[in-house]
Each structure stands twice: as C-alpha cells, then as structure tokens.
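Each chain gets a letter, A, B and so on, in the order the sequences are listed, and its residues count up from 1.
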Amino acid sequence: MFLEFKKEVEHVLKEALKKASYDYEELDLDLDLEESEHADIASRIAFSLARTYKKPPEIIAADIANHLNLEIPAENTLISDAAAAGPYINFYVNEFFLHKTLQKIKDGEPAEEKKKGKIIIEHTSANPDGPLHIGHLRNAIIGDVLVRVLKRAGFDVETHYYVNDMGRQIAVAVWGAERIAFATNKKADHAVADVYIAANRLVEENGEFLKDVEKLMRKYESEDEAAVKKYEAVVKKCLSGTQASLERLNIRHDSFVWESGFVRGGAVEEVMEELKQKGNVKFDGSALLLKLEGIEKELVIQRTDGTSLYTTRDLAYHRWKSDRCDRVIDVFGKDHELVSQQLTKALEILGVKVPEFVIFEFVSLPTGSLSTRAGRYIAADELMEKIEERAYEEVAKRREDLDEGKKHEIARKVGIGALRYDMVKVSSDKHITFVFDDALDIEKKGAPFIQYSHARACSILRAAEERGFSIADDYDASLRKESSEKELIKMLAGFENIVEEAASELKPHLVAKYARELAESFNLFYKDCPVLNADEGIRKARLVLVDCAKTVLSDVLDVLGIESPEEM
RNA sequence: GGGGUCGUAGGGUAGUGGAUAUCCUGUCAGGUUCCGGACCUGAUAACCUGGGUUCGAAUCCCAGCGACUCCGCCA
C-alpha cells in the first residue's frame, strides 16, 4: 500500500509545483521523496530549487505547500494532510490508507501475475570433500534469503549448487577412498572428510602417491568408466550429507550442476577456441594466457599440458546458465572477488551476458581465520546441534506444560531461526567474527523475538475463537485512535516496499531489519491496546489488525526462511 | 610492493548528501488488578585522523593510520 501512497504524493506534489511555477522538469530535478520519522513521506525538493530560484528553501517549501490541492473526497485519496516544516514538505496518510492496507492483507496476494523474468542464482557450492562449516553457512543463508526475496518480488527463480568435482582435492578424496574405509557410524560428509584428511597426509608424505592421484584425475577427465564410478560414489556420498545439513536449515537447491559435465560435453573446448579468436591471447610455452582489460594479471585459460582450469570451466558453466535465464546471480565469498572480475571480463569477450555478484565478507573465529587444515573451523552440523539444544533448554524452562515432542519441535524452529537470523542480519560486506556463545544466546533480539510476537498474535486469535468472537470485515475503523495501532498498520503497509528494495539492491539484511522493527511495533501495540477485553467495536477493529499482523509477521519470517511457531 | 573491502557509544551494528544518528548487548533505575514478561519504559555512551567539495558530510574526493583479504599452469 505504501507504493500507492507514494505515487499519489508524487502526483499531488507535481501539480503544486506547476501551479507555483517551479520548473522542476526543466531543471531535471528529483522530487526527492523519503520516508521520515517526521512524516509518512517527506520531500526535500525545496533544497534543490533554492539554488536556481535564489530563495531560502523554507520559503519555497511554504510556497509549494500553499499550492497543494488536497480537496479530494476521502474515498479517492490516501493523503490526510501535507504541510511545510522548515525546508521540508511533509505528507501524512489518512484513515482510508490504513483501512485499505488491512483489507489488502486480508484479501491475500492479488492474483495478478507479476512475472519479472527468470533468474538463476548459484550459492553455497562448497567442495564435496567434507561437511559445511560456518563460512559456507553464511553463503548458504544469504543465498537462500535472496532466493526467497526475489521470488516474493515476482521473479521466477532457479537455484543452483555448482559441484566442483574436477579439482585435486576431490581426486585426493577419491584416491583415499580406494584404500581407507569410510566410517559407518558417521554422517556421510563427515566420513568423507576423514578419508580426505587421512589421504592428504599420505600424499604429503609420499611423492609417489601424488602421481597416482594425478593419474586418477586424467582418467576422470577422459571419462574412464571405472574412475567415473569411483568419483561418483564419493561425491554423491558427500553431497548427500551436505543436502541433509541444508535441509535442516530449510534450504533446497533446484539442481546440482557438475563441473565435469562442461568438460565432457565439449563446452570448455568451445570456450577456449572462441577466446583464442576473439580475445587478446598469447602463449607462454604451451600454456595459454588471456589479457583482460583493466586487470594487471593475465588469466591462464589452458595449462601447459593442454588441460582446462577451474576458471575456464566456470566460463562454460556461466555461458550455459546465461542461455537459460534473464539474469544470473552468484553468491561468492570475498576471496573470489578477483575471480568474479575476471569472469566478467572474459564473458564480455565471449558476448555472454554478465552475472551479478553478491560478495560476502569472511567469517572468522576469535582465534583467527577459518582453516580446515589447522582444525580451526566449526562444522555446521555441530552448530545446529548445539543451538537446538540451547533452544530446548529455554523452551523447557518456560513451557513445562508441553509434551516432549512439542518442545523439541519448537526448539528446532527457534534454534534454526536464531541461527539463520544471525547470519543475515548483518550487511554482507561486513566481516564477522563468530563467537559460539553469542550465537547460542537466544535471548537477544533476533529471530525468537520476532517469532514471539507472532506467537502472541496467534494466542490472541486462539482466545478470540474460544470466546466466540469472529474476525469480521464490518468493523468501524474510526474507533482506532491509539497511535501505536496506526504505527503498526503503517509498518504492515511497508512490507512489499521492503521486499522490492531488498530485491533490487540484492540486500537480504534489509528484510531482517524490517522484521525486527515490525515485531517491535507489534509489541508496542500489544502493550498499549487490549483486544479481547476492549469494547465490542474496538475489539472488532483490533482483532482484524491482529490477524493482519500475524499474516505479515509470518510472511516476513518466511522470506527469511524462518518458521513461525503458533506457540512457543 | 599493487588492488579491494571495512573503520559509528565498552563490544556488536543500521544509516550512500538533508530534520534530534538506528537497534542489540553491557551498566544503572523502573514497569504486570489486563489477551503469554522470550515483553515494555527511562538513564548512560559513538561517526578512526587530517585536508577538500557543498547552503549542508557518518555518507562524496584526497592523504594518512588500523583490521581483513586477493594478487597460483589451486579450486
């Protein structure tokens, strides 16, 4: 509803500017509208007019305000009032706006198809040689929230997990599996990691083994049947574990795309040939280098022995993706920033539409940066386990009345929710230090705070039903007088706007911030405004509001990939 | 050495040119005859330094300092 309000403000303001003879169009000036704590929307245009018309902005603002025509019948406008406040022109919503906002939420999503095109988004894509750790978790959760935001904003979204099955690391793991048995009592990805780490040690100790590994890699690249079977067994085993972890986090990918497919299908070969023709390439011995504009270092696209490299294979993958959608989005760690630039330049040479990158900064531990080798990492599974345990303690403390199954279910929703919220609430270009105890501290104003508001709303609605109160449309909106109920409705009206913003700027943390503010707003309303104990008229009006708040709280949590428990 | 990102109360964090800088946490002081206190209210306390652009800078530019990171015929 906020967007409709903004449109009307634009219209009314433009009319006033014309009447007051300000040539904003000629001057190519923006109306400079912003949300503000002083008004529902404010315009700062007087500042920019001040220069041209050589008058103080306060005078101009007052002048424009005097020319505003707000004599519109109440059912045709969303504006109640507008006035100059110093150099600003402030606009306020009316009762009809509040009423329409609730009605729209109650009626649900309009059936109109708002197809905005197809997006392929790649995220997580961890090497299949071990379990996910907290670094991957940030990638996965940022990626998943972005997917949900974009879907909600009307895009057709397909999610990819790119499987790096051609690297040396995987080869070591596969080689290791030939001689070391997988532990049978461990989750699949953890069992693979054990073998990989043990194999790594062997290879480091004995140079002969390294040759075996390289032989295996060549066999795999040339599609040797036995090698392919061995690879598939190990990679699929590991991925099954990864998928289980992601599932637990409420994350699912639409498809897993194997890197090797692009080598085997000849796509990599094609890319290299085309780059030779279109790009500025040169040989260094028999290795092939590609000069990229604006990047100091040449990109090696073919090894001396003629085999392909990761980057080349990634180019083939991106071309393939690009043919299948309107926009390509990659969620990459900060360490891939240079790679992303190289990718972009090389794709431009190939005439392929370039991807958009969401780069997130690193996660480190208080003891230093993450390092699988040094054993400085926290496995995602371990973290989820611990946080659910912690959540269970909290639930058990508060809800002795519930049975075990119910308590565990709530603990799972609260624990995973807290984890997900923690990972998206911070802007992705911010480096974060992961402190285990802080993450486990569920008391902070994170997901549980928002879930609690939702549970409260549910609780009121449940009690209303028990007492036989119905949620009806025939309420009297004029009985709504408390500022906290009006503020809450305005917050509800802003939801779609926030989704749009998060989608266009690819900033998932905006949604997290909004969710918290909405919950805050609901809690203030809850404090100020009795619902069930109010007089019938007021009760009716407030029940509708509670119902709508519940809907939006649950919607925003869903966009964050967090479940909304009805009680907790 | 070269490039990039970041620097906001004791710790963490929002805010990409405009009104009194957001929120959490910490510390201190309060609040429930009422629908769930995982809640609410108040106090405390911050824009790294130095220049510049601008009517106006946390925000843009330059320099410095600090943190992290990238600069493989690895992935």
Side-chain angles (χ1 to χ4, degrees), chain A residues 32 34 36-39 42 44 46-48 50-51 56-57 85-88 90 125-127 129 162 164-170 259 284-289 294-297 299-311 313-314 333-339 341 359 361-362 364 369 391 394-395 397-399 414 425-427 429-433 435 438 441-453 455-464 466-467 469 509-510 512-513 516-517 519-520 522-524 526-534 539 542-543 546 567-568:
Chain A
D32 214 358
E34 62 161 4
S36 156
E37 52 188 307
H38 307 277
R44 296 179 298 216
F47 282 111
S48 23
R51 183 185 308 256
Y88 303 90
N90 291 335
S125 303
N127 287 336
D129 56 13
Y162 187 51
N164 299 117
D165 61 330
M166 299 222 38
R168 172 160 290 142
Q169 292 156 37
I170 305 308
E259 188 182 10
D284 177 10
S286 50
L288 198 57
L289 308 182
I295 297 175
E296 202 63 41
K297 194 98 179 147
L299 178 67
V300 181
I301 57 172
Q302 188 175 4
R303 288 200 188 94
T304 303
D305 67 3
T307 57
S308 64
L309 284 106
Y310 164 81
T311 326
R313 300 191 287 263
D314 215 10
K334 188 73 185 167
D335 55 338
H336 278 55
E337 197 167 41
L338 181 62
V339 169
Q341 285 163 13
I359 304 272
E361 260 288 6
F362 264 56
S364 62
S369 52
E394 296 298 325
V395 177
K397 208 157 66 187
R398 293 163 223 259
R399 299 298 302 270
V414 169
K425 71 177 182 192
V426 180
S427 161
D429 54 16
K430 211 90 170 183
H431 171 261
I432 54 180
T433 301
V435 182
D438 285 357
D441 187 358
I442 295 190
E443 299 269 67
K444 295 189 179 172
K445 249 186 197 173
F449 174 79
I450 303 155
Q451 289 170 319
Y452 181 66
S453 299
R456 271 179 152 179
C458 289
S459 168
I460 291 177
L461 295 171
R462 253 194 323 267
E466 279 164 19
R467 298 189 204 179
F469 301 153
H509 76 276
L510 297 179
K513 183 170 177 259
R516 198 201 62 226
E517 288 169 349
E520 251 162 24
F522 181 78
N523 283 335
L524 287 179
Y526 185 92
K527 187 80 184 168
D528 282 359
C529 305
V531 179
L532 301 176
N533 302 323
R539 187 185 70 220
R542 288 184 180 166
L543 265 178
V546 171
E567 57 176 326
M568 60 190 277

Check: Y162(A) main-chain N/O paired with S125(A) side-chain donor or acceptor under 3.5 Å: yes
Main-chain N/O of T304(A) paired to S286(A) side chain as donor or acceptor, under 3.5 Å: yes
Which nucleotide sits closest to the side chain of [X]: [options]?
X       : options                   : result
S459(A) : rA38(B), rC6(B), rG36(B)  : rG36(B)
R467(A) : rC39(B), rC35(B), rU5(B)  : rC35(B)
V414(A) : rA75(B), rA38(B), rC6(B)  : rA38(B)
R456(A) : rA75(B), rC70(B), rG36(B) : rG36(B)
E259(A) : rA75(B), rC35(B), rG36(B) : rA75(B)
S36(A)  : rG37(B), rC40(B), rA19(B) : rA19(B)
L338(A) : rG36(B), rC70(B), rC73(B) : rC70(B)
E520(A) : rC23(B), rA14(B), rC74(B) : rC23(B)
N523(A) : rU41(B), rC39(B), rC35(B) : rC39(B)
R51(A)  : rU54(B), rC35(B), rG36(B) : rU54(B)

Does [N] pair with anything, Watson-Crick or G-U wobble, both distances under 3.5 Å, and if so, with which nucleotide?
N       : answer
rA63(B) : rU49(B)
rA9(B)  : none
rC68(B) : rG4(B)
rU20(B) : none
rA29(B) : rU41(B)

What is the separation between atom [atom1] on [X] and atom [atom2] on [N], rounded to the nearest whole Å?
X       : N       : atom1 : atom2 : answer
Q451(A) : rG36(B) : CD    : P     : 18 Å
F47(A)  : rG56(B) : CZ    : P     : 12 Å
L309(A) : rG72(B) : CG    : C1'   : 9 Å
R516(A) : rU13(B) : CZ    : P     : 14 Å
K425(A) : rU22(B) : NZ    : P     : 19 Å

Scan [X] against the nucleic acid and name what it touches under 4.0 Å (heavy atoms): base, sugar-phosphate only, or nothing.
X       : result
R313(A) : sugar-phosphate
C458(A) : nothing
M166(A) : nothing
D305(A) : nothing
A42(A)  : base
H336(A) : base
V395(A) : base
F449(A) : sugar-phosphate
K513(A) : sugar-phosphate
R44(A)  : base
V546(A) : nothing
S369(A) : sugar-phosphate
H38(A)  : base
L524(A) : sugar-phosphate

Separation between the [atom1] atoms of [N] and [M], rounded to whole Å:
N       : M       : atom1 : result
rU49(B) : rC40(B) : P     : 34 Å
rC48(B) : rA43(B) : P     : 25 Å
rG50(B) : rG7(B)  : C1'   : 16 Å
rC62(B) : rG2(B)  : P     : 16 Å
rU8(B)  : rU22(B) : C1'   : 11 Å
rA45(B) : rA63(B) : C1'   : 31 Å
rG4(B)  : rG64(B) : P     : 13 Å
rA9(B)  : rC34(B) : P     : 42 Å

Y526(A) six-ring centre to R456(A) NZ/CZ under 6.0 Å and within 45° of normal: yes
Cation-pi check, R539(A) onto F469(A) ring (under 6.0 Å, within 45° of axis): yes
E259(A) and R313(A): CA distance, side-chain angles, deciding distance, salt bridge (charged side-chain N to carboxylate O under 4.0 Å, His left out) verdict: CA-CA 7 Å; E259(A) 188 182 10; R313(A) 300 191 287 263; 2.5 Å; yes
Residue mapping more 5' on RNA chain B - nearest nucleotide basis, E394(A) or G285(A): E394(A)
Which residue lies more 5' along RNA chain B, comparing S427(A) with K527(A) via nearest heavy atoms: S427(A)
Could you tell me whether the phosphate oxygens of [N], OP1 or OP2, come under 4.0 Å of any side-chain nitrogen or oxygen in [X]?
X       : N       : answer
R303(A) : rC74(B) : yes
Y452(A) : rA38(B) : yes
H509(A) : rG15(B) : yes
K297(A) : rG72(B) : yes
R539(A) : rC34(B) : no

Donor-acceptor pair under 3.5 Å, D165(A) side chain vs rA75(B) base: no
Distance (rounded to the nearest 0.5 Å) between I170(A) CD1 and N127(A) CG: 5.0 Å
Check: R44(A) and P87(A) side chains under 4.5 Å, non-hydrogen atoms: no
Any V414(A) side-chain heavy atom under 4.5 Å of M568(A) side chain: yes
Full working for salt bridge (charged side-chain N to carboxylate O under 4.0 Å, His left out) between R462(A) and E466(A): CA-CA 6 Å; R462(A) 253 194 323 267; E466(A) 279 164 19; 5.5 Å; no
Lys/Arg N to Asp/Glu carboxylate O, R398(A) vs E394(A), below 4.0 Å: yes
